[in-house]
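Comments concern the structure below.
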Number of protein chains: 2
Amino acid sequence: MDSINIKQLAERLNLSTSTVSRAFRGHSDINKETKEKILAMARELNYQPNHMASNLRDKKSRTIAVIVPEIANNFFSRAINGVERVARDNGYHLQIYLTNDDFEREVSFMSQLHNGRVEGIIMSVTGEANDHSYMHKLRKKSIPLVFFDRTYDDVKASKVSTNDYESSFSATKHLIDRGCSRIVYLVVNKNLSIGKMRMQGYKDALEAAGLPFVENLVIDCSNELGKNLDILGRVFSAIRPDGVFASVERLAIASYYVCHNMNLKIGNDIRIICFSSLEIASLLNPALSTITQPAYDMGMEAANILFRRLNSENNDDIIEHVVLESELVIRQSTLGS
Amino acid sequence: MDSINIKQLAERLNLSTSTVSRAFRGHSDINKETKEKILAMARELNYQPNHMASNLRDKKSRTIAVIVPEIANNFFSRAINGVERVARDNGYHLQIYLTNDDFEREVSFMSQLHNGRVEGIIMSVTGEANDHSYMHKLRKKSIPLVFFDRTYDDVKASKVSTNDYESSFSATKHLIDRGCSRIVYLVVNKNLSIGKMRMQGYKDALEAAGLPFVENLVIDCSNELGKNLDILGRVFSAIRPDGVFASVERLAIASYYVCHNMNLKIGNDIRIICFSSLEIASLLNPALSTITQPAYDMGMEAANILFRRLNSENNDDIIEHVVLESELVIRQSTLGS
DNA sequence: TTGTACGCGTTATCAG
DNA sequence: CTGATAACGCGTACAA
């Protein structure tokens, strides 16, 4: 009933465990006939080598981990999709860990994973704290780490990002070109390096157009829809912005709800653009202008970097930094009708 | 530099490995002072028990697997979210496997997982084949399996589903009540049991209203957007349906694109409703009427069933079948304006 | 309270 | 070509 092991299989065949083992691993000479006999019997008894034992033996778990803030999110789920693709191609298994933007959890996950459970980690950080020393400590254990999208700049590791600064600059410039002069910048976490990069693009685009940067137009938001509706409701009433640049998708979504409530005509009264991986942006009412990140490719690229490292003979901890390009897609929400 | 093991740690402390081991595992009496000394040193050297070894020792991997067709999909990503929540609460790790609706891959994953790598499996099937004998074979190994949403009826395992039949009946009835008489039913895979259940609800609602069931109004679609646009473009031109009941979200999305192209006014010329887990259904143009499945809860429930089984002392293979309720949310796409 | 010794299931090495 | 043996790192009887 329960799993059979190599010893029992060997007994059934009147062979030694070593011979049976050889039948499964490619190398080591073995008689063709006996090999076939072994494999046949294995199939019949549904035997497969126990992974925990093999892993212990050669210190390889053939598993990698992905740590992300959330999964019910277009960007991250597509990125994971990309990672999975590469992991599978390499014959690796994939474990996922969700931090829900909880720094404690991030630390806990990272610590747990340094036990031989996984051979490498791909991660998009919470950014909820400034003390990343725990990471430096762990980094010494030399298990490869690759950041994507949301990174800690003070941690020495490979990174996959997009051209956030340029995209933000273009998006903001686009709003300005469409006649916006009071553009709010919506952000969840200003500590994140990508938050900073994106804001810098926004700032510089304003400056380039001779518009002042106003601290009040930078709006700190949340990850909870309810809170965001409150915040944005107040802001839109008080400031009456004519442009909205949302650094993440959910803030644009919240803006849509608020505008619908306030009877603001998106695209005319107020123009909205955001970073987003939403496939159906063009089906929204009105169609949403987006900066679309290549989520799937980012996941693939992060995984490729990781496996390049895992498959390399030498243990040089080569740091790679790959930048992929986002695409600015203009739709009704910034054009109007 | 590399990971330290229990032996080395013991040496540093002039203790035996057993004592050190005891410091980590709760039971077995141990001097409080020595325990603290050990833990302190462990922290300093960043020691953590090797999981592969522990797992081999007590034959527990503390890992479960989720096998789903895809992850870049609102329904599945939320379901995984629910599973993760429960897994984490139970101190378990989570591995994910994506079949991309490829039956071969499903078989391959299932086989690989019966090596002690995971203790249980949660799965939503591809439904691409009719021969599930491979599963029966594996089932004998008695590693717990829980299906959710998409199941194989001929496999004896616990299941979490929604009231597909009733929802479909109500949705179809709603379309009829709104005056539709030529309602197409869009489906990707008629082999799937949920495909059948949903279609039966559709059929029975037609009959209850005295409308004929027309074979031609059941449209076989695909998972690829391009193909669906072709198929639906042809169908909408030829049949001129006044109602669309899409068994999955992506088919409603494709319908939207086609209607926009053909200048059909959704909600008036043609009413659309579908199964969907799209958060922002109300922001679409027009707002999409949906049958919303409790994806997150389904994932949680599936995981709860699995852990109830894993944590139970006796190995009785109790089969549970939980049915959660979907919610019918009427919006503009079936109301018109 | 602590130490000794064995086994979990594999596989590489070394003999034969 | 095949068999015996040791070792991967840990945890637990059992002994002290």
Side-chain angles (χ1 to χ4, degrees), chain A residues 1-39 41-42 45-63 91 112-119 141 143, chain B residues 2-39 41-42 45-63 112-119 141 143:
Chain A
M1 182 79 9
D2 237 327
S3 267
I4 205 176
N5 66 19
I6 198 172
K7 214 163 159 184
Q8 295 160 0
L9 180 59
E11 270 172 21
R12 286 279 284 252
L13 290 155
N14 274 330
L15 288 171
S16 74
T17 59
S18 359
T19 315
V20 174
S21 177
R22 270 188 277 260
F24 285 92
R25 328 240 49 252
H27 39 265
S28 290
D29 312 299
I30 182 174
N31 187 308
K32 223 177 176 185
E33 276 179 39
T34 48
K35 176 171 177 176
E36 274 163 16
K37 222 184 310 182
I38 292 173
L39 293 180
M41 179 66 87
L45 299 181
N46 224 298
Y47 164 80
Q48 291 192 245
N50 179 304
H51 266 284
M52 316 279 36
S54 308
N55 292 341
L56 175 59
R57 188 79 207 338
D58 58 6
K59 299 187 172 191
K60 285 210 166 222
S61 62
R62 299 214 140 257
T63 305
Q112 284 183 57
L113 292 176
H114 283 261
N115 306 152
R117 181 178 271 284
V118 302
E119 293 179 39
K141 285 218 189 176
I143 122 165
Chain B
D2 238 326
S3 266
I4 205 174
N5 67 17
I6 200 174
K7 212 163 159 186
Q8 296 162 1
L9 181 57
E11 270 173 21
R12 286 279 284 251
L13 290 154
N14 274 332
L15 287 170
S16 76
T17 59
S18 16
T19 317
V20 175
S21 178
R22 273 187 274 260
F24 284 92
R25 329 237 50 252
H27 41 265
S28 292
D29 311 301
I30 182 174
N31 186 308
K32 222 177 176 185
E33 276 179 39
T34 48
K35 177 171 179 178
E36 274 163 17
K37 222 183 312 178
I38 291 172
L39 293 180
M41 179 66 89
L45 298 182
N46 224 296
Y47 165 80
Q48 292 192 245
N50 178 305
H51 266 283
M52 316 278 38
S54 312
N55 292 342
L56 176 59
R57 186 74 195 3
D58 58 6
K59 298 184 172 195
K60 284 206 165 226
S61 62
R62 300 216 140 256
T63 305
Q112 285 183 58
L113 292 176
H114 283 262
N115 305 152
R117 181 178 272 284
V118 302
E119 294 180 37
K141 286 217 189 177
I143 122 165

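Quick caveat, the model's predicted, so the values are computed rather than measured. Order of the sequence lines sets the chain letters (A, B, ...), proteins ahead of strands, with each chain counted from 1.
Residue B/Thr19 places none of its side-chain N or O atoms closer than 4.0 Å to OP1 or OP2 of C/dT2. OP1 and OP2 of D/dC1 both lie 4.0 Å or more from every side-chain N or O belonging to A/Lys32. One finds a side-chain N or O of A/Arg25 lying less than 4.0 angstrom from the OP1 or OP2 phosphate oxygen of C/dA12. Considering only side-chain N and O atoms, A/Asn5 lies under 4.0 angstrom from the phosphate OP1 or OP2 of C/dG9. A/Tyr47 has a side-chain polar atom (N or O) that falls below the 4.0 Å cut-off from OP1 or OP2 of C/dT10.
Of the residues near DNA chain C, B/Leu15 and B/Asp58, the one whose nearest nucleotide (by heavy atom distance) lies more toward the 5' end is B/Leu15. Taking the nucleotide of DNA chain C with the nearest heavy atom to each of B/Asn31 and A/Ser21, the more 5' of the two is matched to B/Asn31. Judged by closest nucleotide on DNA chain D, A/Thr34 is the one of A/Thr17 and A/Thr34 placed further toward the 5' end.
Which of D/dC8, D/dG3, D/dC10 sits closest to the side chain of B/Asn50 comes down to D/dC10. Of the candidate nucleotides C/dA12, C/dT1, D/dG11, D/dG11 has the atom lying nearest to any side-chain atom of B/Ile6. Which of C/dT2, D/dG3, D/dT12 sits closest to the side chain of B/Ile30 comes down to C/dT2.
Taking 3.5 Å as the limit, the base of D/dA4 and the side chain of A/Ser16 contain no donor-acceptor pair of atoms between them. Remark: the A/Arg57 side chain and the D/dG9 base include no donor-acceptor N/O pair separated by less than 3.5 Å.
The distance from the CE atom of A/Met41 to the CG atom of A/Leu39 is 11.5 Å, given to the nearest 0.5 Å. Separation of atoms CG (A/Leu9) and CZ (A/Arg12) is listed at 8.5 Å; rounding is to 0.5 Å.
Atom NZ in B/Lys7 sits about 12 Å away from atom P in C/dT4, given to the nearest Å. A/Arg22 places its CZ atom 8 Å from the P atom of D/dG3, with the value rounded to the nearest Å. The interatomic distance linking B/Phe24 (CZ) with D/dT12 (P) rounds to 14 Å, in whole Å. What separates CD of A/Glu36 from P of D/dC1 is a distance of 13 Å, to the nearest Å. Atom-to-atom, CD1 of A/Ile38 to C1' of C/dT11 comes out at 14 Å; the value is rounded to the nearest Å. Rounded to an integer number of Å, the gap from CZ of A/Arg62 to P of C/dT10 is 17 Å. In this entry the distance linking CG of B/Asn115 with P of C/dG9 reads 14 Å, nearest Å. Rounding to whole angstrom units, CD of residue B/Glu11 and P of D/dG9 are separated by 13 Å.
Checked by atom type and distance alone, the side chain of A/Thr17 never pairs as donor or acceptor with a backbone atom of A/Lys7 at under 3.5 Å. Checked by atom type and distance alone, the side chain of B/Gln48 never pairs as donor or acceptor with a backbone atom of A/Gln112 at under 3.5 Å. At distances below 3.5 Å, not a single donor-acceptor pair connects side-chain atoms of A/Glu36 with backbone N or O atoms of A/Glu33.
Nucleic acid contact for B/Ser54: sugar-phosphate only, since backbone atoms but no base atoms lie under 4.0 Å from a heavy atom of the residue.
B/Arg117 and A/Thr63 are linked by a side-chain donor-acceptor pair at a separation below 3.5 angstrom, with hydrogens and angles left out of the test.
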